[in-house]
Structures are given as C-alpha cells and as structure tokens.
Asks: 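Just passing along the structure, written as structure tokens.
Values below: all heavy atoms of this structure, side chains included; hydrogens, waters and symmetry mates excluded. Numbered from 1 within each chain, the chains take letters A, B, ... in sequence-line order.
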Protein chains: 2
Amino acid sequence: MTSSENVQNTHDGHTLTSGRLRQLHEAVLDIVAVMNRPQRDAFMVRTAGIALDRALFPLLVLVGKFGPIGVVELADRNGRDHTTVSRQVGRLVELGLVERQVNEHDRRIREVILTDRGRAMTDRIDEARESLMRAALGDWSDEELGQLATFMRRYADAILGIPDHHNAGDQQNRQFTR
Amino acid sequence: MTSSENVQNTHDGHTLTSGRLRQLHEAVLDIVAVMNRPQRDAFMVRTAGIALDRALFPLLVLVGKFGPIGVVELADRNGRDHTTVSRQVGRLVELGLVERQVNEHDRRIREVILTDRGRAMTDRIDEARESLMRAALGDWSDEELGQLATFMRRYADAILGIPDHHNAGDQQNRQFTR
DNA sequence: GGAAAATATGTGCGTTTTACACGTAAAAAG
DNA sequence: CTTTTTACGTGTAAAACGCACATATTTTCC
C-alpha cells in the first residue's frame, strides 16, 4: 500500500499521480506558511502605522476584501468559530475600524463593513503588500503573471467547491478535543 | 493616489498592474481560508481514526512533510512562537507520534521525526487528503495539473524568498499587542 | 397559513493556546 | 578566545477560542 506508484483513474479517464498531488500540496503548504507568519502581519500593521491585535488583523483584511460580509461567512474564511469572530468584530467596532449594518434582504445578517478609518488602514496595508509582491514577482513576465493568477483562481474555486461536507458535524458537534 | 490605474515599471521593464496583483491575492486568500478550516483537519483526523488536538494536527503534518526538522523551523512554518511549538512537540512525544533526536552536525538542534505510529497516522491523513484532491481536481487534464503544480511551486519559492525581513523584531521583540 | 427546521448572531464561562521574559547550551563570528 | 548569534526549553499570565445556550429571522414543508 505504498503510494509511490499509486495511480487512479478519474471518472473521465485522466490519471493523477500521487507524486504530482504531493508536489502540489507541498507548494500550497509553503504558501500557507508564509501567509500565516505573524511577522508578516506585524510588518504590514507597522507600515499602516497602527497598533492592532494579532487576531484582528486578518479579520480587518477580510472585511476589506469581501465586505460587506456576515459574521458566519467571516468566521468560515477565517477558520474560527463564529462566536469568536463575533467578539473580535465587536473589538474592531470599538476601535472604529468597522461598523455593523443590518442586511437589507435578510435581517438576521449584520453585515460588517469598513469605516473610513478602517478603509484608510487597509489601503495602507494593501500598499505594503503590493510593494512586497512586486519585489517578489518583479521578474515575472506579464504573461506568466496572468497565467499564475488564472491558475490560482481556478485552483481556489476547485477546493472551495469541496463540499463543506465530509466534516459537517455529525455525531456530536463537539470538536475532537482529545 | 487611487490604485485603479496604478502601474509600475519593474527593473526589467515589465509592468504589473495592481489589478492583477489584487486578483492573485484574493485567490491566495481563498486558498488559505480553505486550508485553515478546522473542519478540514477534523475530517482528516477522523479519517485517520485518532483523536488529536486541533493545534497538534498541523504540526504532525509538517513533521511528516519536512522532518527531520528543528523546532525553530517548525515554528516558522507553523506561524507560531518557538516556545509554543516546543511544548506542542512535547505533547506529540507523549502521544508517541514523534521523537526528538539531536542533529548530528549541530547539537543545538533537536530534530523532530515521526515514530512508526506517527507515520502510520500521516499516511492515512495523506490518503484522505489525496482523496479530496482527486475529487476536487478530477476534471483537470494532466497537462493542466502539471502547469498548476509548477506555477504553485514557483510562486511559493518567490514569496518564500521575501526577506524574513522587514519585520525582524527591531526596537523591541515584543509583539504589537494593542 | 402556520408549525418545524434551519440559519445568523450574540453572551456566559471554562479551557486551550499562545507568547513574552528569561535562562542554558552550542555554534559562528571576530 | 571572547563576543555574538542561534536553537531550545520552562515559568507564568494573558489572549484566543469554542461549546452550551438563547434570541431573532428566514426557509421548509405539510
């Protein structure tokens, strides 16, 4: 049952070697590692010139990117329980960086949106990130960048499409805490 | 200073539009979101048939992928302080999933490696992940998959290359806690 | 139309996770 | 060979987190 030569036919006749998938997974792990580096956030926040709790930074960025956005969706994108995110949003409100507003079509949803101050901050963060990305990707050709972006988008959509699923709390909702 | 038409020349004459970079960043955010979903880990762990604390799972996978690996490097890949990871490794040792061994050439480093039991577990996790990936990427052609993997690897290397850097704690080592 | 189920959000509260301060040991730099 | 840097670990206290539970709104279905 070693997987070194494991090959499996897919429904439409293509084959995916384990090796290729592992290679892909390894690259993704590296990317996630970089994105999860706290120093990375720290640099951006410092550039933006504002002190912000570690846990709040990714939320602010997500609100900027995907807002107006509900707490549950925000929690999903952030990989945290919605109760945790709810509290963190509360802190962002206190800091004057975001606001809540009831969704027009579904009054259960209290959308989170950036305030002017929050927008100013994410703008500076975007600039900092863009600067870093330019430095990292400066030697890529325009065509290559286009292909990269296309593949990334397509891959993201593919894995986003995996049924939320498998996991979907069954037996108990409890997490598997030891 | 709006960025809608912001274009900047790079050292070798190419241009990177902000739009393209933003598009790329958004895709990366989606990917990271999926990877960070706790339910995802939960599913894998359940598949592997063993209860494992949430925080321990990513470490086990990293040790399997990159081990033997030192605590500091593990901490970097995991985006946590090395003291945190040190303790978590201790727990993995207690669970009999990993072992520590002093590096032969640098006795400061206590490499972390999988035990047979740990390897058996990561093998099952790998199978579960592979199954998910096949489901998600089953309709990609072999050529496309190759390109995807290549681009991912190249992008990972590019951002891994960003000097650890900018951030590098200066004034104080203290994190920017509020 | 209305009961039942599903979804979105939020608070109480105990647990888990995390990082800073500090110390030791080994290697690298000078 | 002294100084600096790097790797690792423990004490301690705070931050982050999630489950149980409750409310409000929408959706489902008979």
Side-chain angles (χ1 to χ4, degrees), chain A residues 36-39 41-42 51-59 63 68-94 98-112 164 167-169 171-178, chain B residues 36-39 41-42 51-59 68-94 98-112 164 167-178:
Chain A
N36 280 343
R37 281 181 184 158
Q39 318 106 18
D41 294 357
L52 190 64
D53 281 338
R54 194 193 349 269
L56 265 37
F57 177 83
L59 282 184
V63 173
I69 182 176
V71 172
V72 168
E73 187 186 340
L74 199 51
D76 182 58
R77 286 190 181 275
N78 190 236
R80 300 273 123 86
D81 190 87
H82 79 270
T83 63
T84 298
V85 172
S86 175
R87 263 181 270 264
Q88 288 168 338
V89 167
R91 289 206 282 151
L92 286 174
V93 171
E94 286 174 19
V98 309
E99 287 175 343
R100 303 195 219 231
Q101 67 182 20
V102 174
N103 178 288
E104 188 177 358
H105 303 297
D106 186 339
R107 289 180 311 179
R108 289 173 300 182
I109 301 175
R110 298 182 67 192
E111 295 170 337
V112 183
D164 204 26
N167 70 82
Q171 316 98 337
Q172 304 190 39
N173 262 356
R174 296 194 75 255
Q175 201 78 357
F176 47 92
T177 303
R178 160 186 214 34
Chain B
N36 281 343
R37 280 180 186 161
Q39 318 106 16
D41 293 357
L52 190 64
D53 282 339
R54 196 191 345 268
L56 264 38
F57 177 83
L59 282 184
I69 182 176
V71 171
V72 169
E73 187 185 340
L74 198 51
D76 182 58
R77 286 191 181 277
N78 189 235
R80 301 272 121 85
D81 190 86
H82 81 270
T83 64
T84 298
V85 172
S86 176
R87 261 180 272 261
Q88 289 170 337
V89 167
R91 288 206 282 154
L92 287 175
V93 170
E94 286 175 19
V98 308
E99 287 175 342
R100 303 195 219 232
Q101 67 181 21
V102 174
N103 179 287
E104 188 177 0
H105 302 297
D106 184 339
R107 290 182 310 181
R108 290 172 300 182
I109 301 176
R110 299 181 67 191
E111 295 170 336
V112 183
D164 203 28
N167 68 83
D170 353 324
Q171 317 99 335
Q172 306 189 43
N173 261 358
R174 296 193 77 256
Q175 202 78 357
F176 48 92
T177 302
R178 138 186 223 61

Asks: Compare the minimum distances between each of dA7(D), dG10(C), dC20(C) and the side chain of Thr83(B), then state the nucleotide with the smallest one.
Replies: dC20(C)
Asks: To the nearest Å, how far apart are Arg80(A) CZ and dT18(C) C1'?
Replies: 11 Å
Asks: Please set out all donor-acceptor pairs under 3.5 angstrom arising from side-chain atoms of residues 80-90 of chain B, sequence neighbours excluded.
Replies:
| from | atom 1 | to | atom 2 | distance (Å) |
| --- | --- | --- | --- | --- |
| Asp81(B) | OD2 | Thr83(B) | N | 2.9 |
| Asp81(B) | OD2 | Thr83(B) | OG1 | 2.7 |

Asks: To the nearest Å, how far apart are Phe57(A) CZ and dA15(D) P?
Replies: 20 Å
Asks: So how far off straight is the helix from dG1(C)-dC30(D) to dG30(C)-dC1(D), going by the axes through five pairs at either end, to 10°?
Replies: 60°
Asks: Which whole-number value in Å describes the distance from Arg108(A) CZ to dA24(D) P?
Replies: 14 Å
Asks: Check Leu59(B), Leu56(B), Val98(B), Leu52(B) against Arg91(B) for a side chain to side chain contact (heavy atoms under 4.5 Å, CB included) and give me the one that passes.
Replies: Leu56(B)
Asks: Measure CG/Asp81(B) against P/dG9(D) and give the value in whole Å, please.
Replies: 12 Å
Asks: Side chains of Arg77(A) and Ile69(A), heavy atoms from C-beta outward: is any pair under 4.5 Å?
Replies: yes
Asks: State whether the side chain of Asp106(B) and the backbone N or O of Arg108(B) hold a donor-acceptor pair below 3.5 Å, judged by distance alone.
Replies: yes
Asks: Using a 4.0 Å heavy-atom cut-off across all strands, classify Arg87(B) as base, sugar-phosphate, or nothing.
Replies: base
Asks: Where the side chain of Asp106(B) is concerned, which of dT10(D), dA27(C), dG10(C) is the nearest nucleotide?
Replies: dA27(C)
Asks: Output the rounded distance in Å from NE2 (His82(A)) to C1' (dG18(D)).
Replies: 10 Å
